[in-house]
Structure formats: C-alpha cells, structure tokens
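A quick write-up on the structure given underneath.
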Amino acid sequence: MTTELPAKYDPATLEPAVTARWLQNKAFAATTDRRDNRYVVMMPLPNVTGALHMGHAMDNVMQDLLIRWHRMQGDNTLWQAGTDHAGIATQAVVEKRLKEIENKTRHDVGRDGLVQRIQDWAATSQKRIVGQQQGMGCSCDWDRARFTMDAVCARAVRHTFFKMFADGLIFRGDRLVNWDCHLQTAVADDELYKATVQGKFHYLRYPVIGPQAGEPTHVVVATTRPETMLGDTAVAVHPDPATAMAEAIAAQQQKLQQATAKERAEAETELERLRARERDLLPALVQIAAMAKAGRKVRLPLVDREIPIIADTWADPTLGTGCVKITPAHDPNDYAVWQRHPHIGVRNVLAADGSINDNGGRYRGQDRFAARKAVMADLQALGLVEKVEDREIEIDHSDRSKTIVEPWLSKQWFVRMADVPGGVTMGKGTAREFRAAGLAQAALDASAGRLPAPRKQVAFHPDPERYRKMYDQWLAEKRDWCISRQLWWGHRIPVWRGSMPTQKLLMLQPMLGSQLQRDDVCAWILLPDGSRLRPADAFATLAAPNAPAEIEVQICFRDETADQNVGPILQGAGLQLDPDVLDTWFSSALWPHSTLGWPDPATARVNDAQPVLGAHAAGPDALSFWYPGSCLVTGRDIITLWVARMVITGLYNLGDVPFTDVFLHATILDGRGERMSKSKGNGIDPLDIIARYGADALRYVVCELQTGTQDIRLPVQAISPFTNAGEPEKLIDLATAKPGPYLGTFLDPETKQPMDLVGQYGKEGITPAKATSERFTVGANFCNKVFNAARFAFLNLEGSAFVPLRPADLRLEDRWILSRLQAAIASVHGSLQAYNPSAAIGTARDFFWNELCDWYLEMIKPRFRAEAAAASTAAARQVLAAVLDQTLRLLHPFVPFLTETLWSKLRELAPVRGLASAFADSEMIVHANWPQADAAWSDRDAERQVATMQAWCVAIREARARYQVAPKDRVPCRIAAEGATAATLQAASELLAHMAGLAAVEIGPNAQRTPDSATVVVGDAKAFLLGVVDLTKERQKLQQQAEKLQAQIGGIEQKLGNPGFVAKAPPAVVAQQQQNLEQLRQQLAGIRQSLQELGG
RNA sequence: ACGCCCGUAGCUCAGUUGGUUAGAGCGCCUCCCUUACAAGGAGGAUGUCGGGGGUUCGAAUCCCUCCGGGCGUACCA
C-alpha cells in the first residue's frame, strides 16, 4: 500500500484517518508484562455534567504529551481514562432541564426516575467527552475506561467506606454545614463562591428583663439576617469591654504613629471613631457586661423567649453595637460561642427548603426572605428597631445553584482527618502496612518525604515549593471532611441506622450477636451522651441497671449484596438505609486504585469487552503492576479537593502514595484575564478549534502556552453570525465587545445586534455564535510547514539507501545539521523532564524551521539537481531521511496526527534509515523509539563554520535588500579576508554563494573594491558586492554603522576604564570585554577605511 | 486584613546562579507568487524591563517601598 499525500495540508481529512488507524490497531492498549519501567497517568476524570472546554484541552494534551513521550521511551504506559458522576453538578443540570422541559420536580419523578434520567444524560455526555478526547488525539487505553459509578469503582467505594467506618474514622454528627436551600443539600467549602449583594444592616432592640435603675432597658444588636433572631439563644457582650476598648485605642495610636502621610487621615478617622465609641457606648457595655456576670436575661421579641446575656470575647466592643446576638444553628461563630457556653442551647429555625420551621412560631412556612420582611415589620410595630442601614454584603453562594447558602445545623457524615489517639493503620493487611498519626498527617508526611521507606515523596512541578505550600496549608487544618450529600445521584451511604429502645436491642442480642462478630459487618451502638460502642461492649454496658432507655444503632456491610439479603430484617427491626449519598470526591479520591481493581483485581467486575484486571499469562495483576503510579496532571484549583484526598486514600487503602509527581499546569483565561466559563460565553469548545485549525494545531499552541506557573491569556473571538454569504468571515474580539442583554451574549460592534455565545437564548430570538481564538493559526502554520517540508523531502528521497556513515564521509552542511539535531534532541528531552512543554516545542520548532527548513533544505537543493555528483546526492538523501526520521519522532508527542501520517510515507520511500547504523523501525510512529542525542554527531567545528557562513549570508542579504538587488540577480563578490576567517569562508564559499545569491566569489587578503561596490563588514573581514551601489547611500550607511560601533566601543571603554570593574569582576568577564572591544575596533577601522575610499 | 504569585515590544509570553548591544511568536512596514510551502521567503522598525529608592564595578534579575492585577486563607454581629 502506498500512502497518498494530498498536495495541501488538510487536517480535517488527515486526522480522522489517523484516529481510525490508532483505534483499530488498539495502539494505546496497556497490558501488564515483565517490564520494570512503567509510566502511569490517572486522568483527572471529567464530569459527565457537560462537554469539555479549553481547560480540559490543556489538561488532556499535557497528559498525552507525557504519555506519548514515555511510551516512545519504551515504558509500559497506562493512561487511565474515565468519567466522574459529579453528584451535585449533574443532578442540578438534569433537575433544571426537567423543570424547563417538563415542568416537573425531582419529587414528581421519584428517586429511581430521576436516577434513570441522570444515567441517560451521563451516557450522552460520556460519548461526547470521549469523542472530544479522541479528536484531540488522547492516547488512553480506551478499553479500560471507568466510571465512578460502575461496578468496579462502586465496590472500591463500598470497601473503603466500610474500612473507615470499622476503624472509627467515619462518624455521623451535628455540624454546621453550608446548606443549599435550592438543591436542598449540604455543599462543601470548595463549592462556594463569594458575591456582593445589596443588603441591610438591621439594629434590633431586645428588652432587658427587669431592668434596674440606671441599667439600659434594651440591648441593641445588629444583623444582616434579622429572621435568624427567631433562633437566638443568647446575647453576648465582651467580658471586659473597657480593657478591650483601651487596647484597641492604644493599638490604633501606635498605628497612627507609624502611618505614612497617605494612611494618616484614615488612621486618624479610625482613632476618632474609637474614641467616640469609648465616650458614648462603653459605659453601657460595661453595665451590660456586669449584667451578664449577674446572669441577667433579655426577652427575645416575637417568639417571647428569655435568653441569657453572656460574656464572650467574640463580642467586640469596637464593632457594631458591641453586643452580638447568638444564633448557634445559623452562624459558624455563634456555633463556636455555643460550644464555649453549652447551657445556652441551640434552636434551628430553618427547614431544608429555606423556609422557617416549627421553631419559628407564627413565621413557620414563610420563606426566609419573606420572613425577614415580616419579622422586621413586626419589630418595627413594637418599636424594637433602632435603625436600618444600607450596606453591601459579601455572601457565600452555592456554585451549583447560584443561590445564597445558609449555615445550617444538621446531621451529616464525616471522615475524621485529625490525628487519632493511637494512630491509624495505613494499608492494613497489605505488605505496605504502617502507622500514621491520622489521615491528614499521613498526606502531610507524603509531601514532606517523611513516609517510611521505600515509599516516595509526592513532589509538585514545575514549582515544588509554591504548590506544596498550598497543599500543606490546607491539610494542616485537618478539618473533618463532610461526605454526606442530600442527593439522589451518587453512591448511597451504606449504613443502616435507627434508634430503638435498649430493651429491644437486648432482646435481639441472641439473634444478632454472632452476626455482628463477622468481619464483613460493622456495627456501632450510639448512646445518648454521644459515646460510641462496639456491640460486644454495648451489650455489657446496656445490661447494667442505669443504662439509657433508647440507643441508636448503625450497621454497615462490606458487601453490597448484604443490603438486599439482610435489609428486610433490619427494616423489621426499625433500621433504615441512610438516604444520603456520598460526596463525589469520595469516589474520585479512590480513582488511582479503584480503577485498577482494588480491593481485589482478580474479581473486579469489568465489562465484557474490557481487559481483565487480575493476573494473566503474560503478566501480573493491574493493581500490583501499576500502583503506585507516576504523574498526576491537573490544575492547581484541585490540589486540595482531589490531589490531597487521593494521597490520603491511597495511603489508607494500599499503604503507598498514588503517584510521585504532580504536574500543575496553567489555568486558561480569556483576553480579559477572566477564567473561561460556559455561562459567561467566553469558553471555547476544543472541537470547534479542531474543526477550524486541526487537532495538531490545537496541541501545538496548548503546549506552547504552558510555560511555567503563570496563567495563560487566550483572547477569544466570536465568529460573527451576521456575515452575508460570500463575504469574508468576521471575527469579533470578546475582550472589547460590549455585553448583550443576557449573561453570555455580546453585541456585534458593526450591526449592534446581540449574539449568543452560550447557545441558550434561542427562545429570546438571539442569534447563536461560535467562539474561537486566532491564536491557533500559529499551530496550523507550523503543521503546514512540517507537511510541506516533508513533501519536499519525499520528492527527493526516492531511491534512498542506507550505508553506515562516518562524519568524515559527509559535507559541511550534513555534519552541521546532524550536530544541530543532537543538540535539539537533548534540549527537547531536558525541557520535557523539567515539565516545560513550551520550551520543548520551542526548541523543536526552532530546529525544524530555522535550521532544517531555512538552511539545510536550501543548502542541499543543488545536490538533488541532475548534474550533481551521484555520491553527493546519495549522502544528501540518506542524511535527509535520517534527519526527517528523527525530527518526526521528536515532534510526535506534540503533533501526533501529522507525524503519524508522514511517518508512513517516509517508511515507504526510505525503508531503512540511519547514520552509523540503522535506526530501529516501527510500523507506527506512536510505537517508535524516542530519539536519543548521539554525542558522536556533535561537531563544534562544523557549527562554527556554518555560523560564520550564516552571519555573512545575513549581512549580504541585508545589503542586497538595502540596495534593492532583485532576488534572482546573482552578484559578483570579493571578500578581503585573511587567516582563519579566510579559510572558513573558503571552505563554505560554495554554500555562501548559493545561499546569498552570489555569482563568482573571490577571497583573498588583497581583494579590492570597485567604486560601485556595496561594502559588507563582518568581524575582521570585508566583502564587496560589485556593481550594486549608489555612492551617496553607501556613505550614509557606512556612516551610520560607524556611529553605532563607536557608541558600543564607548560603552565598553567606559566599563574597562572603571577601576572597580577591572579589579572586582571575574577575569574571564574582563577578558571577554577586552576581546569584544578589539573586535569592534577592527570593524570600525574597516568601515572608516571604506569611507575614505569613497571619499567620505 | 494576612500569605503567595505576577507587571518585559501593539498582543501573548521567554529571559537559568546578577555579566557582551534584553529575546521569540503574532501583528506592523518594504521587497519577492524563486521549481516543498503566500498557511511561504528575504529584510526592517518597535521596549525609561510598572514607578521610586537602595545594594553592587555592574540590576529585567537581589533588597525596601509605592502603584496595578491575580490567587489562597480569614473576617464581615
């Protein structure tokens, strides 16, 4: 079969053909074997919520780059693909559509109905995502793709939960959580964003009960959420307001003294404010503090409850009214106050949907915002509102529903991250078992390299210190991880629980006793005082005379089947399966080992078409072979959410880290520096870029963008939908375009019509438009150049043969390009090792374009002419084939489609390629060996000679351009040179003549100019281009050059004249300067001489 | 408020431990459809390296400070 290359580079036809070939041949398949060197990348699993965007493109391309690079190096590579069920995000999207399209809520369709709909949605998304990834050239082993809700992953989730539950690391407790009233679920801190809203500051007066003479009749508190007063259980005042105030004033005075002129005014105002408070407010606060000590109370209006005045330092006399209402169930700080003063109690006044609950008296059933108004109106009527101020307030919003979240006291499941008395056994039952102080501490030890050997450190790239700090800071808090979500989409929490009379439990003991001893069952008995007992201990305790009458039972089975088998019995006993599901990150945290079949690869229930995870004839099981893995590639926003948790669960389940390297790539921003997002309409679909520029172009540019730790600006343009047929396409820069009527719409500056970049405003009659970025043309141009350079090579490679070559057999340009090739290979490899894709592709590009195309291909053209000597042609062919071979390999991880296509053609025309010996061949370049820099082909002499020739060539071309010599005209040239320069030019004279468009070249110490010659000066020699000159212009040019040189010489003379420099700078630097000075002086002398000859 | 990062050509970014005249790509200007490539070739112009101060023989690079931007954490009664 011969490969037919089209005349023009066309990624749209070339790329799908390559994809098909790779997939048909299962080119990316990973199989365990006996190789020692492995390279494992676990894909940061995309959500099935929607499609991929440019951020994913960056992430996927970086992984593919590393994977292809390692695969070519001969590593047994596994790139684990898959998707994440993304509980809350996906359920939110599907619920929203349900409402929009069918006007139904989840309760209308029921739990099973909703899950079914989400599954359908997920299946569609998965198809789209895989299509996008394959379009980008991702070389994952697709047959091994997993989903966090599939049987293999679900079993790992279940086993991990069971293990943690049995170890006492998972517990259920009352905590203040961020409650999303719209989605009716708890959300994690990471799922929040701050938004500023217009709000009010309400000053409320709580009547003092039985005020004594001279005491204030009311305590005034301020709040932004007056409806929460229904749940107040105390009013707090600072225990010693006078001292606190005095300290604040002293601190402010100190600050004023150190203040710069600019800060002064502000500091003075603040001091003034504090002094005014001290004068006007403090006396009352002192009194109230005394009342607090005396155990006095206020009457909570509207609900008519007596609540105590308490003394707590949380109340700051310099802020607000100096007194604070305490609502433990609805404010984190107040919650903390309650922890310090348990006797005040707690009252939750919100229902799950954000309405006021039974505790809110007559406001019950009102939405919290309606209740806010009602409460204020009623207080107003009672004369209990001191004042109301307008104020901008920053409030936490749920990222999923975009609604305001409420701090809410509720029962949730947690994983204990803090240290545990006696420590935690990590990797229990494995060969890697060890003890850690706690889960978070184990992950901290991993980043610090403190894990017991042979476990490796988890290191961050490309800025180890900076990112480790982020990771460590978050883990150091060791905050308990809230893992329950009140959703229907996700892994259900596998715990049967319920409360029952102690007597009933004791009656069940004979029946349950032995069952509860099994090691695949774990039960806890919870006593009313919060303590938790193993069944064996509990039965003893509960049999005692003063045992509590009612207890709670929690039972977890390790295997899912038990839920079906034993469930009815438990239900009969009054236990229910917990309705909540697990936080999505719980299952993603297991990804690096759940996908490999943990806890038991041999029995992992993979799909029929998938490779087995257990051991097979050719190799060991997937888990022992590929765990621990190699590199995790992701964005820094996910370090805490995911990276840290993977390390924790990996250590906990397997006793070792999931990966040793974490490569954190840049975030992609738009032209304004804002994060790309679908809803803002500034996002780009990779498939749109692929359709327009090709996947290789996308990859090239993405690699080029990844320079280091900096985020990347990618200016986004809309393709104008208002272009008439036949007109050229118009692009509208979204960084400057004015926003349209809705979020994600923009106005076309020409027609002033709105365009919809989100694709959601069809009903509103807004024309949809696609987003693109012109930045990708660079990549397309590069690919086009590669394609054409290869085409040129192919035109001349017919009949190429291999013979062992030695440097001495080769001409200067051959030795030069081979030497440059070695340098390029070494440099690209080094840049990839340093996680610097931009530097890597930059070097590859410079070599390919600026050296191979611009010089070598041009230099060898004469050798392919009919009249050239056969030996010279053959050598050129062989070197060209070898260089192209190595260059394609070097470029393959960056632009895989193009290189794969060209590879086939190269193999046909030059079946054996090599230099001293033949290169190892491979049918597809995806499996070819990565090039290795061979020092034998480094040739400093050739590099120096060609560099000299190039310098002359450029100088001559510049002169030609200046004198407007037609490109085709071949100009006679005389060069006045001596010694080494003359020798070099003599050796390269043929090349120079060819490259600079010269006719006869004469080189000698006494070469003379003609009056009409242009003079070109390089270093210590001069060239005369005969018959091109205008004398006046020539004098001008030489004059300018002389001035420039004089300035440079002046600079160096000054430096050398500085005694400090000569005395203190390293001798080598001084010598270098002296040498430069000498050279520049020679040049200047040459120019002056020419000027003299011209009569200047 | 505290911590981390950044500010270099019109745009997007490089610039290793301080050391020749600060670079690249895109864009711009001039010339060229030269037998791989006009998605190309040859040549050219463009910077008080955010401002100020300091250390040093020498600063884009180190220190201080101010201004501007981003991220993280906290706080907001």
Side-chain angles (χ1 to χ4, degrees), chain A residues 7-9 201-204 221-225 228 235-236 260 262 314-316 319-327 331 333-334 391 393-395 463 465-466 469-470 473-474 477 636-637 640 667 669 671 673-675 693 697 701 704-705 707-715 735 774-775 777-778 780-796 834 836 838-839 842 845-846 853-854 857-858 861 865 954 957-962 964-968 997 1044-1045 1047-1048 1051-1052 1055 1058-1066 1068-1070 1072-1073 1075-1077 1080:
Chain A
K8 284 206 173 272
Y9 172 58
F201 223 37
H202 310 79
Y203 290 78
L204 313 180
V221 293
T223 180
T224 56
R225 296 179 297 159
T228 60
V235 170
T260 60
K262 242 186 138 173
W314 163 240
D316 183 345
L319 290 176
T321 66
C323 296
V324 196
K325 62 195 272 302
I326 302 298
T327 324
D331 182 280
N333 294 303
D334 295 1
R391 182 163 167 169
I393 316 168
E394 279 223 317
I395 303 189
D463 189 342
E465 295 302 317
R466 183 177 163 197
K469 215 177 278 178
M470 276 177 75
Q473 268 176 13
W474 184 80
E477 297 203 25
R636 67 173 180 283
D637 50 335
T640 53
T667 308
L669 311 173
E674 289 176 26
R675 210 191 165 89
Y693 300 98
V701 171
E704 196 178 54
L705 290 173
T707 57
T709 55
Q710 272 315 98
D711 285 345
I712 297 155
R713 282 184 187 225
L714 187 67
E774 284 181 288
R775 289 291 299 275
T777 46
V778 174
N781 292 354
F782 175 79
C783 294
N784 183 55
K785 186 76 176 176
V786 173
F787 182 84
N788 281 304
R791 242 166 52 93
F792 167 78
F794 296 155
L795 289 175
N796 295 293
N836 191 339
S838 181
R845 180 208 180 275
D846 286 347
C853 292
D854 289 350
L857 294 186
E858 294 302 328
K861 273 181 181 173
R865 289 190 191 128
V954 167
R957 283 170 179 173
E958 192 229 343
R960 291 177 59 119
R962 194 184 298 277
Q964 303 193 335
V965 178
K968 284 173 216 161
K1044 199 171 163 190
L1045 280 170
Q1048 283 173 23
I1052 298 180
K1055 193 175 270 192
N1058 180 340
F1061 175 73
V1062 180
K1064 295 184 183 176
V1069 173
V1070 178
Q1072 181 67 52
Q1073 290 295 332
Q1075 206 182 323
N1076 290 341
L1077 181 64
L1080 292 172

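Every chain is numbered from 1 and lettered A, B, ... according to where its sequence line falls, protein lines coming before strand lines.
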(message) Of the listed nucleotides (B:C75, B:G44, B:C37), which one gets closest to any side-chain atom of A:N333?
(response) B:C75

(message) What's the gap between B:G44 and B:G23 when it is taken at their P atoms, as a whole Å value?
(response) 13 Å

(request) Can you tell me, in whole Å, how much space there is between the P of B:G58 and that of B:U46? (result) 28 Å

(request) Could you let me know what B:C4 is paired to, Watson-Crick or G-U wobble, both distances under 3.5 Å, or none if it's on its own? (result) B:G70

(message) As a test of reading the structure: which of B:A39, B:G44, B:C71 is closest to the side chain of A:R636, going by heavy atoms?
(response) B:C71

(message) Tell me whether the side-chain N or O atoms of A:E858 pair up with the base of B:A36 as donor and acceptor below 3.5 Å, since no angle test is needed here.
(response) yes

(message) Tell me whether the side-chain N/O atoms of A:K861 come closer than 4.0 Å to OP1 or OP2 in B:A36.
(response) yes

(request) Any strand is fair game: report the nucleotide pairing with B:U34 by Watson-Crick or G-U wobble, both distances under 3.5 Å, or none. (result) none

(message) Nearest heavy atom decides the nucleotide; on that basis, is A:T777 or A:F201 closer to the 5' end of RNA chain B?
(response) A:T777

(request) Could you tell me the separation between the CZ atom of A:R775 and the P atom of B:U12, rounded to a whole number of Å? (result) 8 Å

(message) Work out how far the P atom of B:G69 is from that of B:A74, and round it to whole angstrom.
(response) 23 Å

(request) Output the distance between atom CZ (A:F782) and atom OH (A:Y9), rounded to the nearest 0.5 Å. (result) 10.0 Å

(request) Looking only at side-chain atoms of A:P967, point me to the closest of B:U34, B:G43, B:C37. (result) B:U34

(request) Of all the heavy-atom pairs spanning A:C783 and A:A697, show the shortest one and how long it is. (result) SG-N, 4.0 Å

(request) Compare the minimum distances between each of B:G41, B:A36, B:U12 and the side chain of A:D854, then state the nucleotide with the smallest one. (result) B:G41

Give me, pair by pair, the N or O atoms of the protein and of nucleotides 1-10 of chain B that are less than 3.5 Å apart, along with how far apart they are.
residue: B:C5; atom: O2'; partner: A:Q710; partner atom: OE1; Å: 3.3

(request) Could you please name the partner base of B:G43, counting Watson-Crick and G-U wobble pairs only when both distances are under 3.5 Å? (result) B:C29

(message) Can you give me the closest heavy-atom contact between A:A236 and A:A315, atom names plus distance?
(response) O-CB, 3.7 Å

(message) I'd like the P distance from B:C11 over to B:U21, given in whole Å.
(response) 27 Å

(message) With a 4.0 Å cutoff (strictly under), does any side-chain N or O of A:N796 reach OP1 or OP2 of B:A36?
(response) no

(request) Would you kindly give the CD-to-C1' distance between A:Q964 and B:C32, to the nearest whole Å? (result) 12 Å

(message) I want to check one thing: is the phosphate of B:A36, taken as OP1 and OP2, less than 4.0 Å away from some side-chain N or O of A:K8?
(response) no

(message) Can you confirm whether A:V221 sits close enough to A:V235 that some side-chain heavy atom of one is under 4.5 Å from a side-chain heavy atom of the other?
(response) yes

(request) Taking only the side-chain heavy atoms of A:R957 (C-beta and beyond), determine which of B:U34, B:G43, B:A36 contains the nearest atom. (result) B:G43

(message) Checking base pairs now: Watson-Crick or wobble, both atom distances under 3.5 Å. What partners B:U16?
(response) none

(request) Please determine, for the side chain of A:L705, which listed nucleotide (B:U12, B:G41, B:U73) has the closest atom? (result) B:U12

(message) Quick check: A:F792 with A:F794 (ring centres under 6.0 Å apart)?
(response) no

(request) Considering non-hydrogen atoms only, spot the tightest contact between A:R775 and A:R713 and give its length. (result) NH1-O, 3.6 Å

(message) So if I take every side-chain heavy atom of A:V778 and compare against B:G25, B:U34, B:G44, which nucleotide ends up nearest?
(response) B:G25

(request) Quote, to the nearest angstrom, the C1' distance that separates B:G25 from B:G19. (result) 27 Å

(request) Identify which nucleotide among B:C75, B:A36, B:G43 has an atom closest to any side-chain atom of A:F792, counting heavy atoms from C-beta outward. (result) B:A36

(message) Looking at every heavy atom in both A:D854 and A:E858, which two are closest together, and how far apart are they?
(response) O-CG, 3.5 Å

(request) Using the closest heavy atom to pick a nucleotide of RNA chain B for each, name whichever of A:L714 or A:R791 lands nearer the 5' end. (result) A:L714

(request) Indicate yes or no: at least one non-hydrogen side-chain atom of A:K325 is less than 4.5 angstrom from one of A:D331. (result) no

(request) State the pairing partner of B:A60; accept Watson-Crick or G-U wobble contacts with both distances under 3.5 Å, and report none otherwise. (result) none

(message) Quick one: does any side-chain atom of A:R960 pair with a main-chain N or O of A:G997 as donor and acceptor, under 3.5 Å?
(response) yes

(request) Output yes when at least one side-chain N/O atom of A:T707 is less than 4.0 Å from OP1 or OP2 of B:C13, else no. (result) no

(request) Please tell me which of the listed nucleotides, B:G44, B:G19, B:G41, lies nearest to the side chain of A:K785? (result) B:G41

